[in-house]
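First up is the structure itself, then whatever we jot down about it.
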There are 2 protein chains.
Amino acid sequence: MCHSEESNAVREFLTKVGDKWSILLIVMLAKTPKHRARFSELHRMVDGISQRMLTTTLRNLERDGLLSREVFAEVPPRVEYELTPLGLTLLGPLQQLVDWIGNNWGSIKKTREHFDECSR
Amino acid sequence: MCHSEESNAVREFLTKVGDKWSILLIVMLAKTPKHRARFSELHRMVDGISQRMLTTTLRNLERDGLLSREVFAEVPPRVEYELTPLGLTLLGPLQQLVDWIGNNWGSIKKTREHFDECSR
DNA sequence: CCGGATCCTGGTCGATACTG
DNA sequence: CAGTATCGACCAGGATCCGG
């Protein structure tokens, strides 16, 4: 308690939603024309994610109301995921962060290498 | 390969910097008057963090060039941490995200509870 | 073929105790 | 006061198999 509900919310958010794949998944979904894609598309888009993690992450995001899941009773089966209105509102803040990362990640990597060299 | 260096950078960033405490620590440091605080202050400000994690996280952030560490040769010893210019540039994008979380975390929690009830 | 569930391992984090 | 060291629990996440 004490130090603001806010920091608590932030910490919980970062723990639950700020995991390795969630944010990236949202960003990738945002890049699709209708903010909508099927399982296998996402699997291809997010390089290096395992099927299990994709399933889990998508479930959690659905659970959080950030995206919705629609199953089509077809053969072969098809499942599509789409950003909800709430999910869409997250895009703005996220894009800022993504831009910052794009601009500064290179510099961070360099700083890090330098730091590691000096403390060797 | 293929899907952009950007998503790669984002993933790496989220893995390294987007861990449980880093962002929260930066946000808390941003709240101090001079963007500067000593170890024990941060320990008190970030509710629930262990000494070990505080040390580790601070080291990593220093390694990334997001904050700087200054040791004073006193008794009792004093160590202060301060956001670097690079760290300060991160504050803008981060604040957007923090605001969003503040506004929407409650709603997410509710959605989640509802979801869990239905699938019980 | 598409999407989900199970099993297992390795890294991460917290608790505790100890130094300069 | 500001760390470091050690240990153990836990869970993220990869490999693999299963259902339709």
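We name chains A, B, ... by the order of the sequence lines, and we start the count at 1 in each one.
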Quiz item: Pairs in or reaching into residues 81-94 of chain B: which pass salt bridge (Lys or Arg N to Asp or Glu O under 4.0 Å), with residues at least two apart or in two chains?
Solution: B:Arg36-B:Glu82

Quiz item: Partners of A:Asp99 by side chain to side chain donor-acceptor pair (under 3.5 Å), sequence neighbours excluded?
Solution: A:Gln95

Practice problem: Scan residues 60-74 of chain B against DNA chain D and write down, sorted by residue number, each residue with any heavy atom closer than 4.0 Å; if none is found, say none. | Solution: B:Arg69

Practice problem: May I ask you to evaluate whether A:Ser40 reaches the phosphate of C:dC2, defined as a side-chain N or O under 4.0 Å from OP1 or OP2? | Solution: no

Quiz item: Residues in side chain to side chain contact (heavy atoms under 4.5 Å, CB included) with B:Leu91, at least two apart?
Solution: B:Ile26, B:Ala30, B:His35, B:Leu83, B:Leu88

Quiz item: Considering residues at least two apart in sequence or located in another chain, which fulfil the side chain to side chain donor-acceptor pair (under 3.5 Å) criterion with B:Ser22?
Solution: B:Asp19

Quiz item: 5' to 3' on DNA chain D, which nucleotides open and close the contacts with chain B (atom under 4.0 Å from a heavy atom)?
Solution: D:dC1 to D:dT6

Quiz item: Partners of B:Glu113 by salt bridge (charged side-chain N to carboxylate O under 4.0 Å, His left out), sequence neighbours excluded?
Solution: none

Self-check item: Aromatic ring pairing A:Trp105/B:Phe13, orientation class (parallel under 30°, perpendicular over 60°, tilted between)
Solution: perpendicular

Exercise. Quick one: list whatever passes salt bridge (charged side-chain N to carboxylate O under 4.0 Å, His left out) with B:Arg63, sequence neighbours left out.
Key: A:Asp116

Quiz item: How long is the span from the NZ atom in B:Lys109 to the CG atom in A:Asp64, to the nearest 0.5 Å?
Solution: 12.0 Å

Quiz prompt | For A:Asn104, side chain to side chain donor-acceptor pair (under 3.5 Å) partners two or more places apart | solution = A:Trp100

Measure all distances between protein nitrogen or oxygen atoms and nitrogen or oxygen atoms of nucleotides 12-16 of chain C, and list the pairs falling under 3.5 Å.
residue, atom, partner, partner atom, Å
C:dG14, OP1, B:Lys20, NZ, 3.2
C:dG14, N7, B:Arg52, NE, 3.1
C:dG14, O6, B:Arg52, NE, 3.0

Self-check item: Rounded distance (nearest 0.5 Å) linking atom CD of B:Glu12 with atom CD1 of A:Ile108
Solution: 10.5 Å

Quiz item: Cluster question for you: counting only ILVMFWY and a side-chain heavy-atom cut-off of under 4.5 Å, with indirect links fine, are B:Leu67 and B:Val71 together?
Solution: yes

Distance-only donor-acceptor hits, side chain of residues 51-59 of chain B, under 3.5 Å, sequence neighbours excluded:
residue, atom, partner, partner atom, Å
B:Thr55, OG1, B:Gln51, O, 3.0
B:Thr56, OG1, B:Arg52, O, 2.8
B:Thr57, OG1, B:Met53, O, 2.6

Quiz item: Which angle, to the nearest 10 degrees, lies between the helix axes at the two ends of the helix from C:dC1-D:dG20 to C:dG20-D:dC1, each defined by five pairs?
Solution: 30°

Exercise. Let me know the distance between CG of A:Leu58 and P of C:dC2, rounded to the nearest Å.
Key: 16 Å

Quiz item: What distance separates B:Leu94 CG from B:Ile101 CD1, expressed to the nearest 0.5 Å?
Solution: 8.5 Å

